[in-house]
Protein chains: 2
Amino acid sequence: MGAMPQPPAPRKTTGRPARISRTEILRTALRIVTDEGVARLTMRRLASEVGSTPMALYHHVRDKEELLLLLLDDYAAQHLHRPSTAPTEPRERVIAAATAIHEVLADCPWVVEVLTADDLMSKSALWFVEQIVDGLTACGLTLESAVHGYRAIWYYTAGEIVIRTTAAHRRAADDRPTYRERVFTDLDPDELPRLAEVSDRWAPLTAQDIYVHGLTALVNGLLARPD
Amino acid sequence: MGAMPQPPAPRKTTGRPARISRTEILRTALRIVTDEGVARLTMRRLASEVGSTPMALYHHVRDKEELLLLLLDDYAAQHLHRPSTAPTEPRERVIAAATAIHEVLADCPWVVEVLTADDLMSKSALWFVEQIVDGLTACGLTLESAVHGYRAIWYYTAGEIVIRTTAAHRRAADDRPTYRERVFTDLDPDELPRLAEVSDRWAPLTAQDIYVHGLTALVNGLLARPD
DNA sequence: ACCTGAACACCGTTCAAGT
DNA sequence: ACCTGAACACCGTTCAAGT
């Protein structure tokens with residue numbers, strides 16, 4: 001869960017009226033991050049886009065890290081909608097909830113910076129976490145094992161996002177051949193026979209989306225071995 | 001595989017003798033990163049530690065990103081040792097290879113920055129990748145499915161490192177209560193019954209190391225469902 | 001209460017010049 | 001070939017002051 005810091009502190013009626021609001025700051029920040037990537041989001045840039053000074057921002061957010069967390073919270077709240085009908089079969093409910101979280105995160109590459117800056121996600125994600133934990137218990141796991149299972153799913157999901165996102169980012173910005181290309185052209189088939197055998201299929205193979213495949217395997221494995 | 005850029009280009013005998021070497025740069029960088037964390041590794045700081053100027057570094061590495069990748073390559077080469085005896089049972093070989101990679105990465109928190117900056121690991125890790133892919137095929141998967149399985153394992157492993165490392169980092173630097181603490185104290189038991197039920201056990205539960213547990217489940221699931 | 005200006009203490013990297 | 005000095009174009013954040 002990302003740190004959702006205190007709400008803007010209920011507006012007092014005394015004092016100078018605010019010229020910029022936290023909402024406006026977050027809206028602008030989200031636009032910058034969506035259009036140009038998280039690297040381009042600086043406090044100075046953001047300040048000028050909302051027509052203010054860098055220091056005015058610090059009156060609405062504690063620091064840049066809090067800004068990023070608020071941004072993820074906001075994003076999740078807007079995009080993570082509970083389905084009108086969830087599967088009744090609990091195993092399927094687990095898969096569906098994890099896939100929902102994954103889809104939302106996969107659509108905003110900038111989350112990586114935030115994921116690695118905090119441990120979990122927004123309040124909006126709690127319902128999905130509940131679905132996963134509850135689904136696993138409904139399949140026979142103890143509550144403790146279900147929580148562990150949820151964490152394994154979260155590791156897998158976050159890892160997929162982090163790795164795939166940065167790999168894509170790299171590919172885009174890359175003129176020079178990747179390390180993989182260089183290494184895979186001169187594999188020793190005696191030492192690494194399997195890798196040598198797939199070396200020329202590696203790129204298309206690893207370009208395939210295997211999230212659901214791996215997720216299903218993981219969930220099956222978690223349920224087959226309830227300790 | 002991290003980008004291992006060209007080796008330092010075989011030393012020519014003409015020209016000025018080098019005052020600093022790539023090896024010396026990497027040794028110093030590794031010390032900084034180990035002692036004080038990757039955030040403290042700046043080109044300027046590194047230059048002064050090797051007794052040189054920032055720009056001298058650019059004669060030995062292309063840029064900071066290449067420096068970090070070289071660092072991971074170096075680290076993996078030094079710490080990722082092939083075991084003298086590997087399990088004969090292929091499923092166990094897969095688990096052992098993944099665990100070996102995980103252990104080395106888990107011991108150097110700074111890898112997170114590098115993992116998210118490139119897609120995979122060093123050349124030294126290839127043997128372990130081979131063990132995983134070969135072990136999975138030996139259990140009956142096609143070569144393609146084995147590669148997909150390897151990727152699922154890699155996502156899970158990288159995710160565990162990234163999430164656990166940054167969570168630990170956060171805990172250390174944190175005075176204010178975490179978002180989880182704030183959220184978990186006022187869960188609605190009607191809406192989120194399972195989470196409410198575990199809310200006070202959540203912290204110790206998620207502090208447990210479940211890497212091997214999840215890995216085993218994932219591998220079992222991958223093998224039980226070879227499509 | 002909210003905002004500003006100036007300053008502090010940094011970054012990575014380029015460029016032109018030295019030896 | 002290797003290294004230096006100075007500069008460019010930035011950062012996040014603090015502090016003291018204004019309205």
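Here is the naming used below: chain letters follow the sequence lines, and residue numbers restart at 1 for every chain. For the numbers below, each heavy atom of this structure counts, side chains included, while hydrogens, waters and symmetry mates do not.
- The side chain of A/His60 contributes no N or O atom lying less than 4.0 Å from OP1 or OP2 of C/dC2.
- Sorted by first then second residue, the side chain to side chain donor-acceptor pair (under 3.5 Å) pairs that include residues 29-40 of chain A, not counting sequence neighbours, are A/Arg31-A/Glu49, A/Glu36-A/Arg40, A/Glu36-A/Arg45.
- Comparing A/Arg44 and B/Leu41 by the nucleotide of DNA chain C that holds the closest heavy atom to each, the one mapping nearer the 5' end is A/Arg44.
- In terms of the salt bridge (Lys or Arg N to Asp or Glu O under 4.0 Å) criterion, A/Arg151 has no residue partners (sequence neighbours excluded).
- Picking from D/dA1, C/dT4, C/dG12 the nucleotide with the shortest atom distance to the side chain of B/His59 gives D/dA1.
- Here C/dC3 is the nucleotide among D/dT13, D/dA6, C/dC3 with the atom lying nearest to any side-chain atom of A/Ile20.
- When distances run from any side-chain atom of A/Tyr58 to the nucleotides C/dC15, C/dC3, D/dG12, the shortest one goes to D/dG12.
- For A/His79, the ring pair (Phe, Tyr, Trp, His ring centres under 6.0 Å) criterion is met by A/Tyr75, not counting sequence neighbours.
- Taking a 4.0 Å limit (strictly below) on heavy-atom distances, residues 45-53 of chain A reaches DNA chain C at A/Ser52, A/Thr53.
- Ranking D/dG12, C/dT13, C/dC2 by closeness to the B/Asp63 side chain, first place goes to C/dT13.
- Remark: A/Asp74 pairs with no residue by the salt bridge (Lys or Arg N to Asp or Glu O under 4.0 Å) rule, at least two apart or across chains.
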Would you sketch DNA chain C in dot-bracket for me? Only Watson-Crick or G-U wobble pairs with both distances under 3.5 Å count, crossing pairs as [ ], other-strand pairs as |, the rest as dots.
-> ||.|||||...|||||.||

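- With sequence neighbours left out, the salt bridge (Lys or Arg N to Asp or Glu O under 4.0 Å) criterion links A/Arg82 to B/Glu191.
- Nearest approach of A/Leu71 to A/Leu26, heavy atoms of both residues: CD1-O, 3.6 Å.
- In terms of modelled atom types and a separation under 3.5 Å, the side chain of B/Arg22 and the main chain of B/His60 share a donor-acceptor contact.
- Partners of B/Tyr211 according to the ring pair (Phe, Tyr, Trp, His ring centres under 6.0 Å) rule, which considers only residues two or more places apart in sequence or in another chain, are B/His102, B/Tyr156.
- Taking A/His59 as the reference, nothing meets the ring pair (Phe, Tyr, Trp, His ring centres under 6.0 Å) condition, with sequence neighbours excluded.
- Distance noted for atom C1' between D/dC2 and C/dA17: 13 Å (whole Å).
- Taking atom P in both C/dA9 and D/dA9, the straight-line distance is 23 Å, to the nearest Å.
- Which of D/dG12, D/dC3, C/dG12 sits closest to the side chain of B/Thr42 comes down to C/dG12.
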